[in-house]
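Have a look at the structure below before the remarks.
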There are 2 protein chains.
Amino acid sequence: MQISSRFTIAIHVLTAIDVFKDEYKTTSDLLASSVHTNPVVIRRIIQQLKAADLIDVIRGSGGASLKKEPSQITLLEIYRAVDCVESGDLFHFHEDPNTQCPVGRNIHAVLDNKLIKMQEAFENEMKKTTLSDILEETKQLIKEEQN
Amino acid sequence: MQISSRFTIAIHVLTAIDVFKDEYKTTSDLLASSVHTNPVVIRRIIQQLKAADLIDVIRGSGGASLKKEPSQITLLEIYRAVDCVESGDLFHFHEDPNTQCPVGRNIHAVLDNKLIKMQEAFENEMKKTTLSDILEETKQLIKEEQN
DNA sequence: TTTCGTTGTAATGTCAATGGTTACATCTAT
DNA sequence: ATAGATGTAACCATTGACATTACAACGAAA
């Protein structure tokens, strides 16, 4: 299984919101066209980003804008916002191993620590990159295109 | 989405194979009972572990055994063996962003490096734990139960 | 105050993966 | 031969992802 594309779409959307902020009204239609998907898919994701307090969305007249400094938005926050992993647990532990069995009744205790560590390593790496890193590089590439 | 329980089941199975090696013939029935699932589910997983050269499975008379030293089997190898993530990519990138859009045509290049790093952080952490770590701790817990 | 463009959200559909189950051919040791 | 295994195909139910249609609610501007 892979981590849902909601995550990369959310990053794309936040990037586009910032890059286009002075040029266009960043509606779900515009964003959907950039991502190349359906506007409703975008609206669902911007609702999640709004619930996580990362953006404002203007009902009625339309458009979205960042609510925090890009340097204060880590990829981990975005990942958590779009809820790619149920209950926050990256690993799916098989339910109720046999407690009659010495291995069955102890494996959970042994594995839990390790699984948590792996998940933390992953999430810590996500903390290291912020939206402003993405924005800088993206804007740079766009600038280079113009030569 | 969560990483398939095949992963934790595989660890459980390998642990049980070693713990019970002198006591029982570790058939798919026995292992299924320890994991508390269907024997066919176990057989599918032991086939994957066999294909990855981690175990031998004896056709006919039955039973499985480790093919490598537990200290030489990392959780990463087990994870790869059971193929929880298609094509090895942990993240699902939304296909074909709009190339008419400056963000759409550049976001992939910007994100790819970051995603790879996050995946590597995760996989490196998996390399740090071996089956022998799991075995030691499990055997210790079993021993403690007997007091 | 009506109209228009937009958001918010429910309902529905398709697809793929997971995990469970039955069934059975095949193998091997006794 | 037979008994106990494995290897594997077939099928099913459930779930989540993503796409899509439809429409109510909203807000600004004509």
Side-chain angles (χ1 to χ4, degrees), chain A residues 1-10 12-13 17 20 24-33 35-51 55-65 79 82-98, chain B residues 1-10 12-13 17 20 24-33 35-51 55-65 79 82-98:
Chain A
M1 245 312 143
Q2 287 182 306
I3 287 171
S4 163
S5 65
R6 281 199 301 280
F7 179 50
T8 54
I9 293 178
H12 183 149
V13 161
I17 287 174
F20 294 136
Y24 301 105
K25 182 164 66 168
T26 50
T27 64
S28 60
D29 260 40
L30 177 88
L31 296 168
S33 141
V35 171
H36 198 239
T37 183
N38 192 286
V40 175
V41 171
I42 298 296
R43 279 183 231 148
R44 282 198 279 251
I45 290 173
I46 64 180
Q47 284 311 305
Q48 295 186 288
L49 296 174
K50 180 185 163 192
I55 60 173
D56 284 312
V57 185
I58 301 172
R59 177 150 214 191
S61 55
S65 56
Y79 170 79
V82 294
D83 203 23
C84 291
V85 157
E86 49 266 49
S87 79
D89 290 330
L90 184 54
F91 296 98
H92 181 192
F93 212 108
H94 50 293
E95 312 301 332
D96 54 293
N98 185 350
Chain B
M1 242 316 141
Q2 288 183 305
I3 287 172
S4 164
S5 65
R6 281 200 301 279
F7 179 50
T8 55
I9 292 178
H12 183 149
V13 161
I17 287 174
F20 294 135
Y24 301 104
K25 183 164 64 168
T26 49
T27 63
S28 59
D29 261 39
L30 177 88
L31 296 168
S33 141
V35 170
H36 197 239
T37 184
N38 192 287
V40 175
V41 171
I42 298 295
R43 278 183 231 148
R44 282 198 278 247
I45 290 172
I46 65 181
Q47 284 312 305
Q48 293 186 289
L49 295 173
K50 181 183 163 192
I55 61 174
D56 284 313
V57 184
I58 302 171
R59 175 146 215 193
S61 55
S65 55
Y79 169 80
V82 294
D83 203 25
C84 291
V85 157
E86 50 265 49
S87 79
D89 289 329
L90 184 54
F91 296 98
H92 181 191
F93 213 107
H94 49 292
E95 312 300 332
D96 55 292
N98 185 350

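Every chain is numbered from 1, with letters handed out A, B, ... down the list of sequences. For the numbers below, each heavy atom of this structure counts, side chains included, while hydrogens, waters and symmetry mates do not.
In terms of heavy-atom proximity, A:Leu49 sits nearest to A:Ala10 at CD2-CB, 4.2 Å. Here the closest heavy-atom approach between residue A:His36 and residue B:Asn98 is recorded as CB-N, 4.0 Å.
Counting to the nearest Å, the P atom of D:dT6 and the CZ atom of B:Arg43 are 6 Å from each other. Whole-Å rounding puts the B:Asn38 CG to C:dA23 P distance at 12 Å. Rounded to an integer number of Å, the gap from B:Glu95 CD to C:dC15 C1' is 14 Å. The interatomic distance linking A:Asp96 (CG) with C:dG20 (P) rounds to 10 Å, in whole Å. D:dA3 atom P lies 19 Å from atom CZ of B:Arg59, rounded to whole Å. Residue A:Arg6 contributes atom CZ, which lies 11 Å from atom P of D:dA19 at whole-angstrom precision. Rounding to whole angstrom units, CD1 of residue B:Ile46 and P of D:dT8 are separated by 11 Å. Atoms CD1 (B:Ile42) and P (C:dT22) sit 16 Å apart, rounded to a whole Å.
Dashed line: the shortest gap from a side-chain N or O of A:Ser5 to OP1 or OP2 of D:dC18 is under 4.0 Å.
Both A:Ser61 and A:Ile9 lie near DNA chain D, and the one whose nearest nucleotide falls closer to the 5' end is A:Ile9. In this structure, A:Ile3 and B:Gly63 both approach DNA chain D, and ranking their closest nucleotides by distance from the 5' end singles out B:Gly63.
A donor-acceptor contact shorter than 3.5 Å is absent between the side chain of A:Ser5 and the backbone of B:His92. Proximity of a side-chain donor or acceptor of B:Lys50 to a complementary backbone N or O of B:Ala64 within less than 3.5 Å is not detected.
Interface remark: the B:Arg44 side chain does form a donor-acceptor pair with the C:dG20 base, using a distance-only criterion of under 3.5 Å.
Among the heavy atoms of the strands lying under 4.0 Å from B:Gly62 are primed sugar atoms or P, OP1, OP2 only; no base atom is included. When heavy atoms are screened at a 4.0 angstrom cut-off, A:His94 is found touching no nucleic acid atom at all.
The listed nucleotides are C:dT18, C:dG20, D:dC18; the one nearest the side chain of B:Thr37 is C:dG20. In this structure, of C:dA10, C:dG19, C:dA25, it is C:dA10 that holds the atom nearest to the side chain of A:Val40. The side chain of B:Ser28 has D:dT6 as its nearest neighbour among D:dT6, C:dG19, D:dA19.
Taking the six-membered ring where the residue is Trp, A:His94 and B:His12 present tilted rings, their angle falling between 30° and 60°.
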